[in-house]
Amino acid sequence: MSQNLKPPYDGLVFLSDGRKAFLLKNEEDDVFSNLQVERVIQAEENPPTRQQGADKPGFAASGIPPHGPSGTGRPSATSPQKSLMRSISPGPLRP
């Protein structure tokens with residue numbers, strides 16, 4: 001990784017661990033960085049497993065994929081990390 005990585009003036013830096021995100025803005029020039037917090041985004045709390053509960057397995061009818069809409073066996077509920085990403089980026093990510 002480069003030691004000379006510095007955001008330009010008014011450049012934004014996104015820093016996240018999946019549960020909390022910071023959007024930082026460079027208030028100085030290209031030589032001296034002064035990152036100021038522009039926005040803090042926190043994911044919703046994920047309740048403990050015992051509070052989320054579980055239900056009896058159902059049955060699969062013809063034409064309906066088993067184990068959620070994707071058919072992967074994963075639950076279809078949204079995770080706090082996905083809701084965090086939706087609150088940050090309302091549209092698809094572009095390169």
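Index from 1, following the sequence.
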Hydrophobic cluster membership, Leu23 vs Val40, 4.5 Å side-chain cutoff: no
Residues Asn46 and Glu44: side-chain donor-acceptor under 3.5 angstrom: no
A side-chain contact here means heavy atoms from C-beta on lying under 4.5 Å apart; do Ser33 and Lys6 qualify? yes
Do the non-hydrogen side-chain atoms of Gln36 and Leu24 ever get within less than 4.5 Å of each other? no
So CG of Asp29 and CG of Asn34: to nearest 0.5 Å the spacing works out to 10.0 Å
Okay, side chain of Ser16, backbone of Gly18: is any donor-acceptor separation there less than 3.5 Å? yes
Results of side chain to side chain contact (heavy atoms under 4.5 Å, CB included) for Pro8 - residues two or more places apart only: Asp30
Checking the side chain of Asn26 only, and the main-chain atoms of Pro7 only, is there a donor and an acceptor separated by less than 3.5 Å? yes
Intermediate values then yes/no, side-chain contact (heavy atoms from CB on, under 4.5 Å), Lys20 and Ile41: CA-CA 6 Å; Lys20 191 172 192 176; Ile41 305 157; over 6 Å; no
In the structure I gave you, are the side-chain heavy atoms of Arg19 and Glu45 within less than 4.5 Å of one another anywhere? yes
Are Val31 and Tyr9 connected in the hydrophobic side-chain network, where two residues link if heavy atoms are under 4.5 Å apart? no
Return the CD to CZ distance between Glu38 and Phe14, rounded to the nearest 0.5 Å. 13.5 Å
Return the CZ to CG distance between Phe22 and Asp17, rounded to the nearest 0.5 Å. 8.5 Å
